[in-house]
Amino acid sequence: MTAQQLILASLSLPAVAAACIGLAGRRPNLRESVTLAASSALLVAVLALAQAVLAGERPRLRLFEVMPGLEIAFEVEPLGLLFALVASGLWVVSSVYSIGYMRGNGEAHQTRFYACFALALAAAVAIAFSANAFTLFLFYEALTLVTYPLVTHHGDAEARRGGRIYLTVLIGTSIVLLLPALVFTWQAAGTTDFQPGGILRDKLDPIALAALLALYMFGIGKAALMPFHRWLPAAMVAPAPVSALLHAVAVVKAGVFSVVKVIVYLFGVDVLDNVSMQWLVAIAGFTIIAASVVALGADNLKRRLAYSTVSQLAYIVLAAALLAPLSIIGAVLHIASHALGKITLFFAAGSIYTAAHKTEVSQLDGIGRRMPWTMGAFAIGALSMIGLPPAAGFISKWYMLSGAMEQAHWAAVAVIIASTLLNAAYFLPIVYRAFFRPLAAGAAHVAHGEAPLPIVAALLITAAATLALFFLPEMPLALAREVIGAR
Amino acid sequence: MNLVAHLPILPVVVPLISAPIAVLSRRGSVAFVLATTASWAALALAVALWVQVGAEGTISYAIGNWPPPWGIEYRIDTLSAFVLVLVSGVAAIILPYCRRSIEAELPREQHYLFYAMFGLCLAGLLGIVATGDAFNIFVFVEISALASYALIALGRDRRALVASYQYLIMGTIGATFLVIGIGLLYLMTGTLNLADMRQRLADVSDMRPVLTALAFITAGMSLKLALFPLHQWLPNAYSHAPSAVSAFLAGTATKVSVYVLLRFYYSVFGAGLVSDLGLREVLLVLSLAAMFAASALAIFQTDLKKLLAYSSVAQIGYITLGLSFESVAGLTASIVHLFNHGITKAGLFMLVGGAVLVMGGSDMSRLAGLGRAMPLTSFGIVLGGLSLIGVPGTAGFISKWSLIVAALERNQWWLVFAIALSSLLALAYVWRFVEAAYLREPAQPREGGREAPPSMLISAWILVAASIYFGLDSSLTLGSAMAGAQSLLGAAP
């Protein structure tokens, strides 16, 4: 297949899968086979594209023109490829996990669930491969809409409330801030194409550039920069696989991916050198610390994980805002390493819920002895969040920290170190409780063991991948270097 | 006789003739076939005109071979051809829908009258657009209005009578204002031909009667197009009329009124005069009020048809907002939204009509669980709703984008944010339906069939699909709108 056909295949595979899932709705085994087959095929297609991109190609696919000068077009470059790799690779694993979770918990509307899941992946891949900001915006909005049925999956009052916050914040920021930013970019530059070095050179004065950047940074609500982070905890009403793949990987990474993409390919790092970035560093730093503090006080496990995600996403924004080559490499790597670690943590949370029906941190005393695999994987994920070796989070944090030091930005260094301590303070007690505290008295009579096999298998795979990325970071590192080298 | 030479008048004449024949036949089925054929013919003729105008430029046609300005002139330019296609297209898609919808809503003996009225209304609307003669505009305004009063009064609810009466009073005031304005213009220029009028106005443009005429025409047409706060008649009329009528009027009637306003503003008075009178500011303020107040009112409606009606008032605000910019970009946004909103809202009312038929009402509580009961209808409403919000990939997005471009061109950032914020209100009212349809359980066990009859569903979905298609490929709509806007402003001094 040519590279263009591969792009088309990557975009259409999940969408076609969604249709097939809908048709196979009455036969659950066939339906799940479709999901597994489509996710594996997507991974193969993206891997094939990876070879081309690593060889220096930049395959393009132009679909059609929506308005004069605004076309739906795709181009695979290193950053987008990395995001697509992460999303599609983890879709395979989370499909396995979903089967165990959805059946284990006897969830309703499973056909809708799998179909929307596939559509969400289609939107995520389209975002990853967008050749211009207009295409990205189109699929960014589509991603919000197709994940809404997943967030409100349970259909009760809580789900409705969560869904409202989810939509209001995400659609609100994107229409009120991102859309004007996009139109303004288009009027100023005459294009919205992502280009190495940016498209806004000599087009706007520094004040307009700073204002435009602010519109983008807050307009990309999926990056969950405070004060527009509330949608992420609200989305936790969804079933665990949704929280795991979408709200730890596909949706939130689409946000930070867009942030990096805008900074590197729309503005251009050189152009932004003349613009004051301190406010963005400050807001990202504040988000890192504040979200960690909230996570520290959250007893609900998924809520704690959600705030941890808010904090970790802000790392990526912070690192990109520093504009140092090393920190940008760190930002790109963190997209992958945080994804692996956080999906493991969410998988573990869902596993605990499925096997023990526990949702609060305070209920987890001694659970590690009953669910050693789950909690072992959780511990690896936690290490990655804190940024300790031998987990992947160490590498990305190392690069971010080096970038901050290279810029002599001591405030950023302090934020990273302080948040590392905070991360340790809210993750390690969970691990301690699970393994070293005696079983809670009330829980002793409910005998349970590990979660169903697909769940355990999935979380072991992601935990292993978290470790593997530490030892074998060559490919993502090569891609991240190309993002910088392309300048 | 060479029919091609008579192309400009045929789209008006064909439905006009179909109406009396329908009455004479006194049979619903004959009348249906007549009206449907006439509307399809009108569409074909309108498309032919559109192609011809695109190739050869403005077409002038003298009725009875009396040359203008003495005789009545029909004048088709890019804008009028575009609106002709919209009106006849919506009619051609709605008529097949009418058959089952009307069978369910009206007693058999009224069917032929319904189709006759529909034909008259269509002829009137097309006539307004096609003619180049001021008095002729008034005559067609009255023809379409009288027919629509009757159509609304056919609603099965007794409240339809009150709604129709309300519309009749307001509509008549509007038409009277229009004719007063035209009378004053005739007084000052001695001509009724729009093009001729424009040239003669140049000598007398600063005289008070001309300004008075402008004011009367603005007020009169604002009533007809339901510009906030002159919109009071619209929600009742749309929600109590038969479903097919709501759909048809929502898609066409107010849009044609906007067309009349555009025509008088830019083809007769000229941009300078409109600005001198401060009408731009007035339009700007009222449009913003419509976008926010009417959207906010829509959020609190418990009846889906009323919700959509208030949404129409709000969306008309976007159209008039584009008008107030008085730039090519602004007018382009107006015209493209006129089209996009026309097809979207007509499709929505048609789908709701199907839901009313099956569920027995358009109250939100009755529509609870619609997503499960009528998946196709419900999903169609969601797609149409997304277009109202202006989600990318829908026709509404093209409108919103053009409007923001127009606002940015004038460096009015606060307006950009106002436009964006008001679409969040649209999100709120559309999501009231989404939550009812998908996240609430039906109050009582549902009775009756599953989906609406196929003829209704297919017709409605054609419009929904069109509102997606024109969101992905806007070359046809945006191109025509831009050409129309350029020709309107190009004619300005």
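As the structure is a prediction and not an experimental result, all values here were calculated from the model. Naming convention: chains lettered A, B, ... in sequence-line order (proteins, then strands); numbering from 1 in each chain.
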Where does [X] contact chain B at under 4.5 Å (heavy atoms): side chain, backbone, both or neither?
X: A:P149; answer: neither
X: A:L215; answer: side chain
X: A:Y148; answer: side chain
X: A:Q187; answer: side chain
X: A:F134; answer: side chain
X: A:H109; answer: side chain
X: A:L145; answer: side chain
X: A:F137; answer: both

Assert yes or no for the condition that the ring centre distance of A:F117 to A:H153 is strictly below 6.0 Å.
no

Tell me, out of A:L138, A:I175, A:V183, who's got the most heavy-atom pairs with chain B below 4.5 Å.
A:V183

Kindly assign one of parallel, tilted or perpendicular to the pair B:W50 and B:F82, based on the angle between their ring planes and the thresholds 30° and 60°.
tilted

Give the ring-plane orientation class for A:Y216 versus A:F267, where under 30° counts as parallel, over 60° as perpendicular and anything between as tilted.
perpendicular

Side chain, backbone, both or neither: which part of [X] has an atom under 4.5 Å from a heavy atom of chain A?
X: B:L472; result: both
X: B:F397; result: side chain
X: B:L424; result: side chain
X: B:V391; result: side chain
X: B:L478; result: side chain
X: B:I419; result: neither
X: B:S474; result: both

In terms of heavy-atom contacts, does [atom1] of [X] have more than 12 from other residues, nucleotides or ligands at under 6.0 Å?
X: A:R230; atom1: CZ; value: no
X: B:F379; atom1: CZ; value: no
X: A:R161; atom1: CZ; value: no

Would [X] and [Y] count as having a side-chain donor-acceptor pair, cut-off 3.5 Å?
X: A:T111; Y: A:R31; result: yes
X: B:K345; Y: B:S311; result: yes
X: A:T135; Y: A:S130; result: no

As an exercise, state the distance from CG of B:L307 to OG1 of B:T302, rounded to the nearest 0.5 Å.
9.5 Å

